[in-house]
Amino acid sequence: MNIILLGPPGAGKGTQASRLVAGRFMVQLSTGDMLRAAVKAATPVGLQAKAIMARGELVSDAIVSALIGERLDQGVGAGAIFDGFPRTAAQAEALEVLLAARGQALDHVIELTVDEAVLTERIVGRYTCANCGEGYHDRFKQPLVAGVCDVCGSTEFKRRPDDTAATIATRMAVYRGETAPILPFYETRGLVRRVDGMADIEQVTAAIEVILDG
Ligand code: ADP
Ligand code: ADP
Ligand code: ZN
């Protein structure tokens with residue numbers, strides 16, 4: 001089972017991917033997470049990507065497709081949940097080739113639909129546990145005990161440097177101009193399933209699980 005979670009920044013892709021992998025022996029393949037790890041480690045890819053990410057623009061198709069290929073070679077258990085990839089037509093084509101070369105194919109492309117008006121608030125309120133990466137939100141998903149990670153008990157949290165009002169307009173324009181246009185490519189193959197991303201986090205997960213178990 002290989003699925004893509006598609007939606008604009010803040011739609012809930014990362015939140016849902018990490019909830020879905022928990023019980024299913026699937027793995028989350030987030031190019032954003034891979035790139036942030038490369039920036040942190042100051043690898044050649046990271047050095048190239050850092051300023052591009054800070055501006056909210058896209059890192060090159062060649063770089064992100066290579067990251068995905070390397071990750072697929074490490075094995076993905078019961079399947080992959082692609083989160084934040086593909087984001088361009090060229091990446092969608094690269095993914096076809098990468099999967100076919102490994103005897104794999106896509107099962108579903110799940111589009112998380114959201115009102116653009118809520119995305120800014122989702123993005124500027126987003127933070128994660130600095131230790132385990134669990135995602136939180138200032139208003140929509142607070143830890144059960146204030147200041148303590150539900151999952152690992154850490155009291156250290158962090159925010160992404162690109163989660164600022166300044167980058168959001170660019171990131172939304174990139175989504176509309178480069179990423180949303182890949183949906184018809186998958187529509188013609190009958191792969192697209194829409195899920196209401198405005199619902200509560202738990203309800204969104206339940207709706208995706210119906211699709212995966214269907
Ligand atoms: P994406 O990976 O699509 O950019 P995230 O999963 O990081 O989005 O979600 C963005 C922010 O919105 C996070 O702080 C998350 O806790 C919160 N969030 C995710 N899904 C929902 C939802 N259905 N309702 C309210 N807030 C949500
Ligand atoms: P979000 O879901 O909030 O947009 P991501 O973590 O998916 O954030 O991506 C953060 C940044 O990393 C993007 O704005 C972009 O600069 C870069 N990035 C991530 N995935 C890709 C990709 N598939 N192609 C090009 N750039 C990417
Ligand atoms: Zn934690």
Side-chain angles (χ1 to χ4, degrees), residues 1-9 11-39 41 43-46 48-49 52-53 57-113 133 135 171 174-195 197 204-205 207-214:
M1 170 83 65
N2 295 299
I3 69 167
I4 295 173
L5 293 182
L6 203 73
K13 303 178 297 293
T15 300
Q16 295 304 326
S18 61
R19 289 170 60 84
L20 292 165
V21 295
R24 293 183 173 265
F25 306 103
M26 294 176 79
V27 296
Q28 173 181 2
L29 270 66
S30 160
T31 41
D33 287 347
M34 294 173 195
L35 290 167
R36 280 183 287 278
V39 169
T43 65
V45 163
Q48 216 178 314
I52 298 170
M53 294 171 75
E57 295 168 4
L58 292 183
V59 175
S60 81
D61 293 329
I63 286 180
V64 293
S65 301
L67 288 173
I68 289 287
E70 286 162 22
R71 181 61 192 80
L72 287 173
D73 286 337
Q74 291 162 21
V76 294
I81 300 178
F82 295 98
D83 157 16
F85 178 93
R87 263 173 151 96
T88 65
Q91 291 177 26
E93 278 158 30
L95 180 59
E96 295 298 301
V97 174
L98 289 168
L99 289 174
R102 291 161 180 81
Q104 305 250 352
L106 282 172
D107 294 281
H108 303 287
V109 176
I110 297 174
E111 183 190 6
L112 293 176
T113 59
R171 291 161 65 191
V174 167
Y175 181 78
R176 278 194 299 268
E178 307 270 336
T179 308
I182 68 181
L183 275 160
F185 169 75
Y186 293 121
E187 299 263 18
T188 55
R189 292 162 51 200
L191 290 175
V192 179
R193 305 291 300 268
R194 289 203 170 72
V195 167
V204 177
T205 309
I208 297 173
E209 289 191 311
V210 168
I211 295 169
L212 299 190
D213 295 335

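What you see below is based on every heavy atom in this structure, not just the backbone, and it leaves out hydrogens, waters and symmetry mates.
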Participant: Hey, does V76 have a side-chain heavy atom less than 4.5 Å from the side chain of R71?
Facilitator: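 Yes, at least one pair of side-chain atoms sits under 4.5 Å.
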
Participant: Side chains of M34 and I68, heavy atoms from C-beta outward: is any pair under 4.5 Å?
Facilitator: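 With C-beta onward as the side chain, the pair touches.
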
Participant: Check for a donor-acceptor pair, side chain of Q16 on one end and backbone N or O of T205 on the other, with a separation under 3.5 Å.
Facilitator: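 Pair found, side chain donor or acceptor close to backbone of T205.
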
Participant: With no hydrogens and no angle check, do the side chains of Q91 and S65 hold a donor and an acceptor under 3.5 Å apart?
Facilitator: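 Judged by distance alone, the side chains do not pair up.
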
Participant: Spell out, as yes or no, whether a donor-acceptor pair under 3.5 Å connects the side chain of N2 to the backbone of A105.
Facilitator: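 Present.
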
Participant: Should L5 and I208 count as side-chain neighbours, where that means a heavy-atom distance under 4.5 Å?
Facilitator: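 The answer is yes; the side chains approach within 4.5 Å.
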
Participant: Decide whether a cation-pi geometry holds between R171 and Y175; the criteria are a distance under 6.0 Å from NZ or CZ to the six-membered ring centre and an angle within 45° of the ring axis.
Facilitator: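 No - R171 does not lie over the ring of Y175 by the 6.0 Å and 45° rule.
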
Participant: For the atom pair CZ (R24) and CD1 (I3), what is the distance rounded to the nearest 0.5 Å?
Facilitator: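 The CZ atom of R24 sits 8.0 Å away from the CD1 atom of I3.
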
Participant: Before accepting this row, confirm whether a basic side-chain N of the pair E209/R19 lies closer than 4.0 Å to the acidic partner's carboxylate O.
Facilitator: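 A salt bridge is absent here (no side-chain N lies under 4.0 Å from a carboxylate O).
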
Participant: Could you pull out the closest heavy-atom pair between L112 and A11, with the gap in Å?
Facilitator: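 Closest pair (atom of L112, atom of A11, distance): CD1-O, 3.9 Å.
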
Participant: Looking only at atom types and distance, does a side-chain atom of T31 sit under 3.5 Å from a main-chain N or O of G84, one as donor and one as acceptor?
Facilitator: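 Yes: the side chain of T31 pairs with the backbone of G84.
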
Participant: Please name the residue in the list I110, T179, V192 that meets the side-chain contact (heavy atoms from CB on, under 4.5 Å) test with L6.
Facilitator: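 Among I110, T179, V192, the one meeting side-chain contact (heavy atoms from CB on, under 4.5 Å) with L6 is T179.
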
Participant: Does the pair E187 and R194 meet the rule for a salt bridge (Lys or Arg N to Asp or Glu O under 4.0 Å), with working shown?
Facilitator: CA-CA 11 Å; E187 299 263 18; R194 289 203 170 72; 2.7 Å; yes

Participant: So how far is it from L35 CG to T43 OG1, rounded to the nearest 0.5 Å?
Facilitator: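 OG1 of T43 is found 9.0 Å from CG of L35.
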
Participant: Is there side-chain contact between P86 and F185, with at least one heavy-atom pair below 4.5 Å?
Facilitator: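 Sidechains of F185 and P86: no contact.
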
Participant: Quick check for you: to the nearest 0.5 Å, what is the distance between L98 atom CG and R102 atom CZ?
Facilitator: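 Going from the CG atom of L98 to the CZ atom of R102 covers 5.0 Å.
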
Participant: Would you indicate whether the side-chain heavy atoms of I4 and L95 approach each other to under 4.5 Å?
Facilitator: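 Yes, side chains in contact.
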
Participant: For A207 and V195, work out which heavy atoms get closest and say how close.
Facilitator: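 Heavy-atom minimum between the residues: CB-CG1, 3.9 Å.
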
Participant: Nearest heavy-atom pair of F82 and F85: which atoms, and what distance?
Facilitator: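 Heavy atoms only, the tightest pair is CB-O, 3.2 Å.
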
Participant: Quick one, L58 and V64 - any side-chain contact, counting heavy atoms below 4.5 Å?
Facilitator: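 Of all side-chain heavy-atom pairs linking V64 with L58, none is under 4.5 Å.
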
Participant: So, for A49 and V59, which heavy atoms are closest and what is the spacing to 0.1 Å?
Facilitator: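 Smallest heavy-atom distance, with atoms named: CB-CG2, 3.9 Å.
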
Participant: Measuring from L20:CG to T15:OG1, what's the distance to the nearest 0.5 Å?
Facilitator: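 Reported to 0.5 Å precision, the distance equals 10.5 Å.
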
Participant: Determine the minimum heavy-atom distance between L191 and D107, stating which atoms define it.
Facilitator: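 Taking every non-hydrogen atom into account, CD2-O, 3.5 Å.
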
Participant: Just how far is it from atom CD of E111 to atom CG of L183, taken to the nearest 0.5 Å?
Facilitator: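 It comes to 4.5 Å.
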
